[in-house]
Amino acid sequence: MAREAAIDVVTLGECLVALIAEEFGPLASAKRLRQTVAGAEANVAVGLARLGNRVAFLGRVGRDAFGEAVLSALRADDVDVSGVSRDAAATGLLIRERRALGRSNVLYYRSGSAGSKLDPADVEAAAHLVLGARWLHLTGITPALSKSARMATERAIGLAREAGATVSLDINLRRKLWRDKEAARVLRDLAIRTDVLLGDEEELRLVVGTRSKLDRSALVRAAQDLGPRTVVLKLGELGSFGVDASEAQVHVPGFRVTVTDPVGAGDAFAAGFIGARLRGFGLETSLLWGNGCGASCVGSLGDLAGLPTIDELESILSMQSTDANR
Ligand code: KDG
């Protein structure tokens, strides 16, 4: 008898409070910091929930006010937080500036945080959620947090494999958390065991292990050779490029959009892409959904504010046709 999945997607990692400078410029002179909630996997969880999916987030937060803030934000979007426990350590915090041009500097206050204490026992305690899900989404941030968080990631893959769920990995290289050499080794080892691999050019090159500049086609092919059936190269404002088991490669151009805050766009993209896949859409439409969610996200300050509902996404998509229709 077919098993009715209680949850569509499970994801795990560290959800933090983010204090984001409201005005542009260096953090040292920021006057106002806006309190929001962030964390790549939690962003994807909220993005998928807004698209109508049943999503569970696993992790730890502190028994402090910021832990409360994280839980309230996830609950407000109907993300299942039954797999989030409260830890004696503090909830992780990040503070970031806003830049009109170039990357924004980020300060992390997360070493030894509650989120970094995630361990395989947390995944074991939520095994029913992972075993009942259709999809497990991971990012390269969680294994960079601590040895126990890395082992939790491994355990989640094991359970998802047992359940026959699809496993995706968004590389999300965070150089403030680990060195390239270790990141490449660990992330390649994870990529080998995933079905869907997402990353930008630099991240895919790191995982593939090449210093040479490959063209898009060769890069996604090389990543596919590691094991994932589907590889997505995120191109920012230029859209996205992907390959899947059909072997066809597709480029879907990005949306023209006024950028208020680019951070979180990659997570929004992942939510859109996975959301489309879960509805049975092909590669091209899934890339389009990813682009649409990414474009919607960058229009608002903070990672979560601009994540679209399904109605909002449909209205965005009606403004753009795919390559095939041009
Ligand atoms: O992708 C956005 C994330 O970078 C942000 O929400 C914080 O998860 C985060 C991190 O570890 O950098």
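Numbering of ligands and ligand atoms starts at 1, following listing order.
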Report task. For ligand 1, indicate whether the residue Arg174 contacts it via side chain, backbone, both or neither (heavy-atom separation under 4.0 Å). Result -> side chain

Query - Distance from atom 12 (O) of ligand 1 to nearest protein heavy atom, with residue and atom - result: Tyr108 OH, 2.5 Å

Report task. Among all protein heavy atoms, pick the one closest to atom 7 (C) of ligand 1 and tell me residue, atom and distance. Result -> Leu94 CD2, 3.4 Å

Requested in this report: For Lys234 and Asn291, test the side chains for any donor-to-acceptor distance below 3.5 angstrom and give the result as yes or no.
Outcome: no

Query - Protein heavy atom at shortest distance from atom 8 (O) of ligand 1 - result: Ala40 N, 2.9 Å

**Report entry** Atoms in ligand 1 flagged as close to Asn43, the criterion being non-hydrogen separation under 4.0 Å
**Finding:** 2 (C), 6 (O)

Report summary line: Value for CG (Leu288) from CZ (Phe273), rounded to nearest 0.5 Å, stands at 11.5 Å

Query raised in the report: Relative to ligand 1, is Val106 under 4.0 angstrom through side chain, backbone, both or neither, heavy atoms considered?
Result: neither

Requested in this report: Heavy atoms only: give me the nearest Ser240-Val232 pair and the separation to one decimal.
Outcome: CB-CG1, 4.5 Å

Report task. Look at atom 5 (C) of ligand 1 and say which protein heavy atom is nearest, naming residue and atom and giving the distance to 0.1 Å. Result -> Asp303 OD2, 3.4 Å

Query raised in the report: Step by step, would you call Val70 with Val81 a side-chain contact (heavy atoms from CB on, under 4.5 Å)?
Result: CA-CA 10 Å; Val70 164; Val81 290; over 6 Å; no

Report summary line: Going by the 4.0 angstrom heavy-atom rule, the piece of Asn172 near ligand 1 is neither

Requested in this report: Starting from atom 11 (O) of ligand 1, locate the nearest protein heavy atom and write down its residue, its atom name and how far away it is, to 0.1 Å.
Outcome: Arg110 NH1, 2.7 Å

Query raised in the report: In the protein, which heavy atom is nearest to atom 2 (C) of ligand 1, and how far is it?
Result: Asp267 OD2, 3.2 Å

Report task. Please indicate whether any nitrogen or oxygen in Gly39 is less than 3.5 Å from any nitrogen or oxygen in ligand 1. Result -> yes

Query raised in the report: With a 3.5 Å cut-off and no angle check, do the side chains of Glu97 and Ser104 form a donor-acceptor pair?
Result: no

Report task. Looking only at non-hydrogen atoms, find the nearest pair between Val208 and Ala222 and report the distance. Result -> CG1-CB, 3.8 Å

Query raised in the report: Is it true that the side chains of Glu14 and Ser113 contain a donor and an acceptor less than 3.5 Å apart?
Result: yes

**Report entry** Distance-only donor-acceptor check, side chains Thr91 and Asp64, under 3.5 Å
**Finding:** yes

